[in-house]
Amino acid sequence: MADRGASAPSLPDDWPAHLDHPILALNHMGTFDWDLDAGLFHMDTQAYEVFDLTPEEYDGRPESLALRVPPGESSRLDAVVSQAIKDGSENYGTYFRIRRRDGTSRWTHTQGHIRRDETGRPRRVVGIVRDATQELEDSEARNLRDAQGQALRRQTGVVQAVTAALAHASSVQEVIDVLKDTHGIPNLGATSLVMGLVEAGRIRLVAEGPAGSFVPGTRITRIDEPYPMGEVVRTLAPRFIESPEEFAEGYPILWPHITDLRITSAAYLPLIAQARPIGAMGLLYNDRLGFSTEERAVLVALGSSIAQSLQRAMLFEQEKDLAQGLQQAMLPRTIPSVPGADVAVRYRSAAAGGSLGRDIGGDWYDLIPLPGGRVGAVIGDVQGHDTHAAAVMGQLRIVLRAYAAEGHAPATVMARASVFLDELDTDRFATCLYAEADLATGVVQVVRAGHIDPLVRTLDGGCRRVPVEGGLPLGLSAEFHSLEYPVSTLELDPGETLLLCTDGLVEQPGKDLGDGIRTLAEQVAKGPDDVRELADLLIEIADEQGGDDDVALLLLRRRGSDTAQAVGRLQQHVASGDPEALALARHMVRAAVRAWGAGDRADEIELVADELITNALMHTEGSAIVTLRVLVGTDRRVRVEVEDSSSALPRRREAGEDGVSGRGLLLVDQIADAWGVEARGGGKAVWCEFRMLERDDGSAP
């Protein structure tokens with residue numbers, strides 16, 4: 001309270017000989033004259049009134065003022081005067097309290113002027129005293145109002161900052177994180193936060209803090225239970241608790257559990273959105289009593305903002321769950337077991353936020369078992385990240401599976417899917433890659449529609465990109481009448497792995513697609529041999545890198561055992577009306593089966609192959625493709641396939657005694673160990689298999 005010399009008056013040399021001064025008296029100021037040599041402290045009439053003394057009660061000695069000046073105040077006053085004298089100051093000033101005769105306390109202000117002689121020795125102190133109670137009360141009121149105004153402005157700023165941060169929250173947990181952030185609720189002075197959401201007539205606690213403040217039995221409570229959050233939900237009105245006594249009296253069940261938090265007041269707010277309560281929030285304080293009208297208004301506004309953000313986050317989560325459920329329903333429920341291959345598929349939804357449903361997309365994978373030990377592998381990506389993209393994806397997956405299962409060639413499968421998407425009356429297009437693998441031979445036919453190239457992990461642990469000539473994305477190729485899709489062929493040796501993925505796995509910020517594919521190839525080369533472990537590793541890396549796109553991944557590894565494998569394969573094209581080509585095909589069959597050790601069955605195989613080739617050329621208008629393979633599995637077999645462009649299936653029928661036709665399939669049925677017909681795109685393939693005879697030593701030739 002000391003303000004030495006800051007506002008002391010410049011007292012004149014002829015300070016009144018008599019202490020009573022009319023001007024000072026009019027201003028309720030008393031004067032004093034302190035003779036330091038005599039030790040006497042003289043006061044005028046107004047000074048006596050300030051000290052609430054009468055002349056009869058006072059003997060003129062400063063020590064006697066202890067009747068009105070408490071010891072602590074007296075010591076502080078003496079210290080101020082002594083320091084001024086010691087410093088050589090001329091003036092001092094300070095506030096101190098006196099105790100009046102009725103026991104009340106009053107503030108008094110004094111200013112003194114120190115008179116010294118020629119040597120600098122202090123001889124007298126003259127000055128004024130005045131009652132300063134009203135002055136300090138007015139000053140404190142102003143300071144309090146200023147402090148309250150500053151606090152209110154700060155709280156309003158906190159509410160605005162919290163509201164701005166909540167605008168980006170897309171989940172209930174993100175709303176809670178914003179409120180618990182150091183720039184959030186703690187800036188309002190609250191020491192503890194609780195929040196609950198209304199669910200089926202109950203309140204489920206979703207946030208509480210600090211750690212260790214959880215009250216047992218309050219994780220889920222009924223709305224009608226005697227807890228403050230239940231009360232504000234029932235009444236739709238805030239509840240301000242202004243003292244520990246009020247808290248203990250109002251909520252005797254809850255209070256004993258939170259006494260260690262030393263709560264002095266609390267504000268419980270209903271969280272209301274669209275005129276219905278969705279939850280409640282409590283702010284607990286340990287350093288204040290009561291809430292001003294302005295503070296209550298600020299907290300109510302905060303509750304309204306939080307409620308709107310919570311509702312938006314809850315709707316976002318519901319939409320996200322719905323979209324993810326839709327996508328999961330559109331993706332294959334299970335991946336079929338494929339003899340001769342190890343398969344792993346993975347899907348990762350984009351982590352980026354945005355509009356409702358932003359975390360869902362149109363990426364998909366599929367695996368389609370096909371006749372003859374073949375399998376179709378599909379990877380694709382529909383444009384967009386919303387439920388519509390997922391719905392289009394589901395329809396595309398179904399038609400691609402249907403076209404492939406019908407036996408259409410890979411290029412035809414892709415072209416028909418493009419026409420379907422174009423006729424779907426949607427503005428979406430899709431990239432896609434379809435690979436049809438013959439696991440017996442390792443031959444893979446690949447068709448690409450605007451998608452990224454596949455990768456192959458080789459037996460030596462390396463990984464290479466396989467360039468595939470492609471066409472326009474699905475939908476666009478039909479729109480621009482460009483439905484020709486080139487077919488590329490690659491060989492997948494036993495133990496090698498085919499990798500198909502969407503661009504979310506290779507796109508990286510600041511890098512082009514080529515760099516991303518090279519990085520992926522390096523990761524695959526360093527990864528484990530097991531396709532499931534490799535798939536997990538690649539998705540884990542994608543999670544670490546983040547990214548705002550979905551990821552679909554399909555790995556297909558051709559096994560080196562436990563399946564029929566082609567140890568020999570030959571193929572010959574036979575043009576219609578070309579006797580030389582027919583002769584070459586017969587020669588190929590004869591030479592191959594004898595070289596492969598067919599033994600006594602070589603003639604049978606040649607006879608049946610010749611019959612199938614002749615039938616294809618006679619009963620169709622096009623050419624034929626003859627494929628000859630040796631299969632090794634539980635036994636050793638030769639497989640003959642003759643493919644033509646006619647969709648008409650051959651019929652086995654009995655020929656008359658003089659008939660010259662109709663005996664072909666009867667011959668095949670009698671000689672071959674197994675035979676059948678497969679649809680192939682717009683045509684078909686007739687195949688038959690022959691078991692190789694064992695040698696005398698029990699081994700196959």
Side-chain angles (χ1 to χ4, degrees), residues 344-354 358-365 377-385 389 393 414 428-435 444 446-474 476-477 485-486 488-492 496-557:
V345 293
R346 297 291 184 271
Y347 175 80
R348 188 208 69 158
S349 178
R358 179 69 173 90
D359 283 351
I360 205 70
D363 291 26
W364 88 94
Y365 56 78
V378 184
I379 201 82
D381 182 4
V382 176
Q383 173 199 17
H385 292 83
M393 172 269 287
M414 201 69 84
R428 307 301 175 96
F429 64 85
T431 65
C432 184
L433 187 145
Y434 175 61
V444 183
V446 184
V447 181
R448 186 171 67 87
H451 205 77
I452 58 177
D453 290 323
L455 300 179
V456 171
R457 175 171 170 158
T458 56
L459 289 174
D460 60 3
C463 185
R464 72 180 190 274
R465 176 181 183 177
V466 181
V468 174
E469 186 180 359
L472 292 174
L474 303 182
L476 295 183
S477 62
Y485 285 98
S488 299
T489 302
L490 61 93
E491 295 280 346
L492 198 64
E496 291 188 329
T497 301
L498 177 68
L499 183 150
L500 311 179
C501 67
T502 54
D503 53 10
L505 193 62
V506 296
E507 286 184 337
Q508 300 179 25
K511 294 185 178 181
D512 62 27
L513 192 62
D515 292 336
I517 293 177
R518 282 189 289 272
T519 300
L520 175 61
E522 294 172 359
Q523 294 166 346
V524 172
K526 296 176 182 177
D529 292 333
D530 184 87
V531 291
R532 295 168 184 81
E533 294 178 4
L534 179 58
D536 290 337
L537 173 65
L538 297 178
I539 291 299
E540 181 180 341
I541 293 174
D543 287 337
E544 293 174 354
Q545 293 175 343
D548 57 357
D549 202 358
D550 305 327
V551 172
L553 171 66
L554 187 151
L555 296 172
L556 185 146
R557 180 178 182 271

Side chains of L553 and L538 in contact at under 4.5 Å (non-hydrogen atoms): yes

pair T497-L556: side-chain heavy atoms closer than 4.5 Å: no

Residue pairs passing the side-chain hydrogen bond (donor to acceptor under 3.5 Å, both in side chains) test where at least one lies in residues 532-541, sequence neighbours excluded: R346-D536

Atom pair CD1/CG of I452 and L505 - distance to nearest 0.5 Å: 7.5 Å

Shortest non-hydrogen contact between A542 and V551, atoms and distance: CB-CG2, 4.5 Å

V456, L492, V466, T489 screened by side chain to side chain contact (heavy atoms under 4.5 Å, CB included) with V444, the one that passes: L492

Pairwise side-chain contact, C501 with Y365, heavy-atom cut-off 4.5 Å (strictly under): no

Rounded distance [0.5 Å steps], CG in L555 versus CG in L500: 8.0 Å

Side-chain touch V446/L433, heavy atoms, less than 4.5 angstrom: yes

Beyond-backbone contact of P454 with L499, side-chain heavy atoms, under 4.5 angstrom: no

Sidechain-backbone polar pair: Y347 side chain, D550 backbone, donor-acceptor under 3.5 Å: no

Check ion pair D529-R557 (N to O, under 4.0 angstrom): no

Distance in Å, C463 SG paired with E496 CD, rounded so as to fall on 0.5 Å steps: 10.5 Å

Gap separating the CD1 atom of I541 from the CG atom of L520, nearest 0.5 angstrom: 8.5 Å

Beyond-backbone contact of M414 with C432, side-chain heavy atoms, under 4.5 angstrom: yes

Side chain to side chain contact (heavy atoms under 4.5 Å, CB included) against T502, all qualifying residues, sequence neighbours excluded: D363, I379, D381, H451, A552

Close side-chain approach of R464 to L455, heavy-atom, < 4.5 Å: no

Separation of L513 CG from E507 CD (nearest 0.5 Å): 6.5 Å

Nearest atoms (heavy-atom pairs only) where V468 meets D453: N-OD1, 3.2 Å

Main-chain N/O of V524 paired with R457 side-chain donor or acceptor, under 3.5 Å: yes

Shortest non-hydrogen contact between A535 and A344, atoms and distance: CB-CB, 4.0 Å

Heavy-atom closest contact (Q383 atom, R428 atom, distance): O-NH1, 2.9 Å

Contact summary for P473 and A430, nearest pair of heavy atoms: CB-O, 3.3 Å

Closest contact, heavy atoms only, L537 versus G527: CD2-CA, 3.9 Å

